[in-house]
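See structure below.
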Protein chains: 2
Amino acid sequence: MKKISLLGATGSIGTSTLDVVRTHPEDFQVVAMACGRNIAKMAEQIEAFRPLLVSVQHESDVAKLKESLSVPVEILWGEEGALAVATFDQADYVLSAMVGAAGLAPTLAAIRAGKTIGLANKETMVVAGEYMNAAAKKAGVKMLPVDSEHSAIFQCLVGENPAQLRRLILTASGGPFLQKPKEEFVKITVEQALKHPNWDMGAKITIDSSTLMNKGLELVEARWLFDVPPEQLDVCVHPQSIIHSMVEFQDGSVMAQLGIPDMRIPIAYALSFPDRLPNDLPRLDLTQIGQLTFFKPDEDKFRCLSLAKQAMAGGGTLPAVLNAANEVAVAKFLDREISYLQIPQVVEETLTAHQNKTPRSLEEILAADLWAREFAQQVAAAA
Amino acid sequence: MKKISLLGATGSIGTSTLDVVRTHPEDFQVVAMACGRNIAKMAEQIEAFRPLLVSVQHESDVAKLKESLSVPVEILWGEEGALAVATFDQADYVLSAMVGAAGLAPTLAAIRAGKTIGLANKETMVVAGEYMNAAAKKAGVKMLPVDSEHSAIFQCLVGENPAQLRRLILTASGGPFLQKPKEEFVKITVEQALKHPNWDMGAKITIDSSTLMNKGLELVEARWLFDVPPEQLDVCVHPQSIIHSMVEFQDGSVMAQLGIPDMRIPIAYALSFPDRLPNDLPRLDLTQIGQLTFFKPDEDKFRCLSLAKQAMAGGGTLPAVLNAANEVAVAKFLDREISYLQIPQVVEETLTAHQNKTPRSLEEILAADLWAREFAQQVAAAA
């Protein structure tokens, strides 16, 4: 029985995680949960899963949540609350599924507390990958990827000698604008960008997926999750999202993991590794799908991918700056304050203005993150 | 340094194996070789690789081979010669690449002599899979598949729990007649059937590939190599031959191995497992290939596949009979004594006439094989 603390319970990954737990009550128990502002959903989840400890983002929601519950539970709030959930002593596994840089501190706390980590929060490795790896090594904890691409790579590497890999190939759906001519990008609306062809995800990630920044962030994440240098990382556009990613080895063999686009599969794998739990999800039938296609990504059209590669190659605090500037730009786009094409503009101007350095502490990384947020806000306001 | 006895040195797999050895002289040495009738090629190979022991099929070729050599080597002949090569005490690894049922006895001898087996001879597992598995278990030897499909499955299973697999999916190129209407099968010539779209192989295997009997035999082989019941085995037509085969697990994940169609990759893997040796072969570039397609096999058109499945499901001596009847039928077709459509007819009539039983010894299996050959000869002669 794995005892799980779930960070980001009401989000897309959090909800799917609870689906997996519901299907395997003999294997998993949720002992603690943290969420943001979706108090109604959190209340439902608490009734269903009976955690011992929960945390919400805002103090003002504590009473509201308490009122709507028929069961007693300890309710904390804010960053301290999230840290308490992340380090809860009755949990042996922390599923880190908060969205954005807010997931960083709780994930680090969970690592330091010796919990096994199921990592769905991209920013942990994007912003502070090298630092997190060192912390995980020191604490002797395993980090298991939840993201379908990284889970695929992880599965391709099972039983293999990582020294004999030649290339990690992340597949990208290409998002809703793969076929849209570059000239029309200027007119893209929030509604258009929120429609993802294959996956049902949160708003921030869906926008990132449409700009391919999502794939760029995943490259950086893969770089640290698998400790592979930037030149051994590649992106391949694969609109059907059936091959979730691949690993090419030095003998020319390419291993791939395929599946239907359902996050419950990689989530269950991260929870049950090295075992694979049975499920009743629809099966992949390649003869029904008929064909799988592959393209080189157009980095001229999807400038965010190119910017992410630059930041990855530059290293230091650049990936943190990339991520922070992108968070700001996407929020501004969702708030209709900047246009779609201004997302990469804001990110690029912020990257260009940044004085890169090799961070020696998490504080230095977070300082770069903060600087980037402020700078990107100014760029967006002036845009 | 692995010391290798090579059974079937001058064939397609044997030649590719020597290519691999040539590229990795620090890893492999060929200490013994057996071949059939291609004495000129055998002489070249002996000059290049300097084995200590060789064997040819016919006594009359011994003197001929000796004359054409500038180096001294012990030359044996016939089945005894092949057995001596298979059990040569200086070899620790036997690559079994003879074509047809002739490979059976030397492979069994190698297993009993405790050699690690690289298995390219399909018939070993098709004709006597259960028996060979028991012998390998008793001798404590590993059998590593060489065939690209089985190597792919083997690679997909590395580090996995075989109890958690749901289905092995062998891919089939579909051969040269995938798109040909069933009505035109009656006119297929030997020349047409010998043209395989993706792989360069021997004549017998190329014909089997065009009838999909090759895939049927591979199903039976997979059934025993991986100890998986018939209902967990499937065939998927994939004309590009890029995905070499797949494994579906009970969590819905499908692992696949991909590569360019070059036998040197799975051969090198079988020789170097668990390591993967670097090579300079062209790399797989999915973006250049563009698309991969998948179809259900048409068993009405490719009756050999259906017959193989029946034999696999029936078990006992039926797979041996299937294989023997097919060997006879293909030889008769290559000799232009029967037509293309008579290949499955000969096989089916032989299977139907056979009294199936559970064999208790290799002798009983070989008796069924012999009976099938004689019966199929008669059917073919009457056709």
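Here is the naming used below: chain letters follow the sequence lines, and residue numbers restart at 1 for every chain. Scope of the values below: all heavy atoms of this structure, side chains included, with no hydrogens, waters or symmetry mates.
In terms of heavy atoms, A:Cys236 sits closest to B:Thr287 at SG-CG2, 3.9 Å.
Checked by atom type and distance alone, the side chain of A:Asn279 pairs as donor or acceptor with a backbone atom of B:Asp251 at under 3.5 Å.
Within a 6.0 Å radius of CD in A:Gln179, no more than 12 heavy atoms belonging to other residues, nucleotides or ligands are found. The neighbour count for B:Gln288 CD, taken as heavy atoms of other residues, nucleotides or ligands under 6.0 Å away, does not exceed 12.
If you tally non-hydrogen atom pairs under 4.5 Å between each of A:Ala152, A:Pro274, A:Ala256, A:Ala163 and chain B, the highest count goes to A:Ala256. Note: B:Ser253 leads B:Gly259, B:Ser253, B:Pro282, B:Gly159 in heavy-atom pairs under 4.5 Å with chain A. Between chain A and the options B:Leu286, B:Asp285, B:Val158, the largest number of non-hydrogen pairs under 4.5 Å is found for B:Leu286. When each of B:Met246, B:Gln291, B:Gln250 is scored by its heavy-atom pairs under 4.5 Å with chain A, the top score falls to B:Gln250.
A 4.5 Å side-chain heavy-atom check between B:Gln164 and A:Asp275 finds at least one atom pair inside the cut-off.
Contacts between A:Ala268 and chain B at a heavy-atom distance below 4.5 Å are absent for every atom of the residue. Looking at A:Leu281, there are no atoms closer than 4.5 Å to chain B (heavy atoms on both sides), in backbone or side chain. For A:Glu248, the part lying near chain B is the side chain, with the backbone staying farther off; criterion is any non-hydrogen pair under 4.5 Å.
We find the SG-CD distance between A:Cys156 and B:Gln257 to be 11.0 Å, quoted to the nearest 0.5 Å.
Contacts from residues 165-172 of chain A to chain B, taken as heavy-atom pairs separated by less than 4.5 Å, involve A:Arg166, A:Arg167 in sequence order.
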